[in-house]
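Written below as structure tokens is the structure these notes are about.
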Protein chains: 2
Amino acid sequence: MGIFSKTCEYAVRAVFFIAQRTADGSRVGIKEIAVNIDSPEHFLAKILQDLSRRGIIQSVKGPNGGFYLDAQSLARPLSDVIEAVDGGGIFRDCGLGLKECSSKNPCPLHHDFLDVRNRLQNMLESITISQFNEDLNLGIVVLKK
Amino acid sequence: MGIFSKTCEYAVRAVFFIAQRTADGSRVGIKEIAVNIDSPEHFLAKILQDLSRRGIIQSVKGPNGGFYLDAQSLARPLSDVIEAVDGGGIFRDCGLGLKECSSKNPCPLHHDFLDVRNRLQNMLESITISQFNEDLNLGIVVLKK
DNA sequence: ACAATAAAAGATATTTATATCTTTTATTGT
DNA sequence: ACAATAAAAGATATAAATATCTTTTATTGT
Ligand code: FES
Ligand code: FES
């Protein structure tokens, strides 16, 4: 596992893809998403169902249905996706696994970890779901391979 | 899971504890380590066996035996423990799970991730296993609860 | 040599994360 | 109403991480 769970990696890649693909108001199906972000289709379906229930993404069933993002969702910080999938532990938990992280009774790495964690959090809170749409269109950044 | 695997968290806490407890040349047994870092004894035993095989820590069997750290081990950077247990993926892998991380074909988060990752790596490479011995003695930092 | 000690190694169990397949429900166009 | 579509939900399956228990091996002091 990397810094995020595999589930969360798929979620973020999918959300970026949906943002790019539906900026024009259309919808995109699970199959197409899975192919384009290189994820197992049925597993991704579960993940997106969950994100949909939580209101992080939108979906409609039936013909011409699929997943999309409304204006509010497009503007969300990426940290909302991370929190929804992995929980906020990555922003709050002790890096050495102590039951609680605090400056009273800190672990040896507390000070340094706090810095790294805060940087990560600031980064993910300042990135929006839609901000890479153009770079994705231009192929400057990619979501697979 | 946090930024490291549970296995790795136990490993780091154990290594810090062994460093502090054996700075005087003595050894410390698995039971005592497990109690003091609040980890499952037998599981930790496996982890330390592995670290011992890899030369990250030292051990002797029999009466008055136990785990300890030689001068070389005491001076190791903490990153060596992380690499031994979790592999170096945390320092190298794409944050979004792409098969390879590179500035050719970067994922959307590549630039920002690189920064966070490098900070983490620099931090772990500049911390030595023994550098918290005194703070641990003084109770300024802790390895459990 | 012997008994005691403590880690190493082996075998197995449990839990969690990841993945797949099937059935159901909502929506759309005819 | 009906047929087609696509997500939602449910039921399993597989793999990996975490955990426990038992047996073996090396070392020490007597
Ligand atoms: S106590 Fe460990 S990171 Fe804060
Ligand atoms: S390609 Fe994703 S972090 Fe480098």
Side-chain angles (χ1 to χ4, degrees), chain A residues 1-15 17-18 21-22 26-35 37-69 82 84-87 89-90 97, chain B residues 1-15 17-18 21-22 26-35 37-69 82 84-87 89-90 97:
Chain A
M1 188 192 314
I3 192 163
F4 303 130
S5 68
K6 213 129 213 2
T7 305
C8 193
E9 292 173 351
Y10 293 147
V12 172
R13 304 217 302 271
V15 163
F17 181 76
I18 298 170
R21 222 22 121 61
T22 68
S26 61
R27 287 82 179 262
V28 59
I30 183 68
K31 198 152 205 157
E32 193 176 353
I33 303 171
V35 167
I37 71 167
D38 193 27
S39 75
E41 179 186 330
H42 297 284
F43 186 47
L44 182 63
K46 290 296 181 200
I47 299 168
L48 295 188
Q49 277 166 33
D50 184 56
L51 288 179
S52 180
R53 258 183 257 114
R54 293 169 186 270
I56 304 286
I57 67 177
Q58 284 66 51
S59 70
V60 292
K61 292 180 176 180
N64 278 339
F67 296 91
Y68 67 102
L69 297 169
I82 310 296
V85 180
D86 277 355
I90 193 80
Chain B
M1 187 196 314
I3 192 163
F4 304 129
S5 67
K6 213 126 213 3
T7 306
C8 194
E9 292 173 352
Y10 293 148
V12 172
R13 303 218 302 270
V15 162
F17 180 76
I18 297 170
R21 216 29 114 63
T22 68
S26 61
R27 287 83 179 259
V28 59
I30 184 67
K31 197 152 206 158
E32 192 175 354
I33 303 171
V35 166
I37 70 167
D38 191 26
S39 74
E41 179 185 332
H42 296 285
F43 185 46
L44 182 63
K46 289 296 181 201
I47 299 168
L48 296 187
Q49 276 165 31
D50 183 56
L51 288 179
S52 180
R53 259 183 255 113
R54 293 168 186 270
I56 305 284
I57 67 177
Q58 284 67 51
S59 69
V60 294
K61 292 180 177 182
N64 278 339
F67 297 92
Y68 67 102
L69 297 169
I82 310 295
V85 178
D86 276 355
I90 194 79

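The figures that follow rest on heavy atoms only: side chains count, while hydrogens, waters and symmetry mates do not.
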Nearest heavy-atom neighbours spanning [X] and [Y]:
X: S26(A); Y: R21(A); result: OG-O, 3.5 Å
X: I90(B); Y: I3(B); result: CD1-O, 3.6 Å
X: I18(A); Y: T22(A); result: O-OG1, 2.7 Å
X: I33(B); Y: A14(B); result: CG2-CB, 3.9 Å

Report yes if a side-chain nitrogen or oxygen of [X] is closer than 4.0 Å to either non-bridging phosphate oxygen (OP1 or OP2) of [N]; otherwise report no.
X: R27(A); N: dA7(D); result: no
X: S52(B); N: dA7(C); result: no
X: T7(B); N: dT18(D); result: yes
X: Y10(B); N: dA19(D); result: yes

Residues, nucleotides or ligands: over 12 heavy atoms within 6.0 Å of N64(A) CG: no
If I take atom [atom1] in residue [X] and atom [atom2] in nucleotide [N], what distance separates them, rounded to the nearest angstrom?
X: Y68(A); N: dT27(C); atom1: OH; atom2: C1'; value: 13 Å
X: E41(A); N: dT18(C); atom1: CD; atom2: P; value: 19 Å
X: I47(B); N: dT20(D); atom1: CD1; atom2: C1'; value: 13 Å
X: L48(A); N: dA6(D); atom1: CG; atom2: C1'; value: 13 Å
X: K6(B); N: dA16(D); atom1: NZ; atom2: P; value: 21 Å
X: L44(B); N: dA6(C); atom1: CG; atom2: P; value: 16 Å
X: F43(A); N: dT14(D); atom1: CZ; atom2: C1'; value: 12 Å
X: R53(A); N: dA9(D); atom1: CZ; atom2: C1'; value: 8 Å

Side-chain donor/acceptor of K46(A) to base of dA9(D), under 3.5 Å: yes
Check ion pair R54(A)-D50(A) (N to O, under 4.0 angstrom): yes
Contacting residues from residues 56-67 of chain A, given that a heavy atom lies under 4.0 angstrom of DNA chain C: K61(A), G62(A), P63(A)
Under 3.5 Å donor-acceptor, R13(A) side chain and I37(A) backbone: yes
Is the shortest side-chain heavy-atom distance between [X] and [Y] below 4.5 Å?
X: F4(A); Y: V85(A); answer: no
X: Y68(B); Y: V60(B); answer: yes
X: L48(B); Y: F67(B); answer: yes

Dot-bracket encoding of pairs in DNA chain D, which uses [ ] for pseudoknotted crossings and | for another strand, Watson-Crick or G-U under 3.5 angstrom: ||||||||||||||||||||||||||||||
Minimum-distance nucleotide (side-chain atoms of Q49(B) versus dT22(C), dA19(D), dA9(C)): dA9(C)
Sugar-phosphate, base or nothing in reach of I30(A), heavy atoms under 4.0 Å: sugar-phosphate
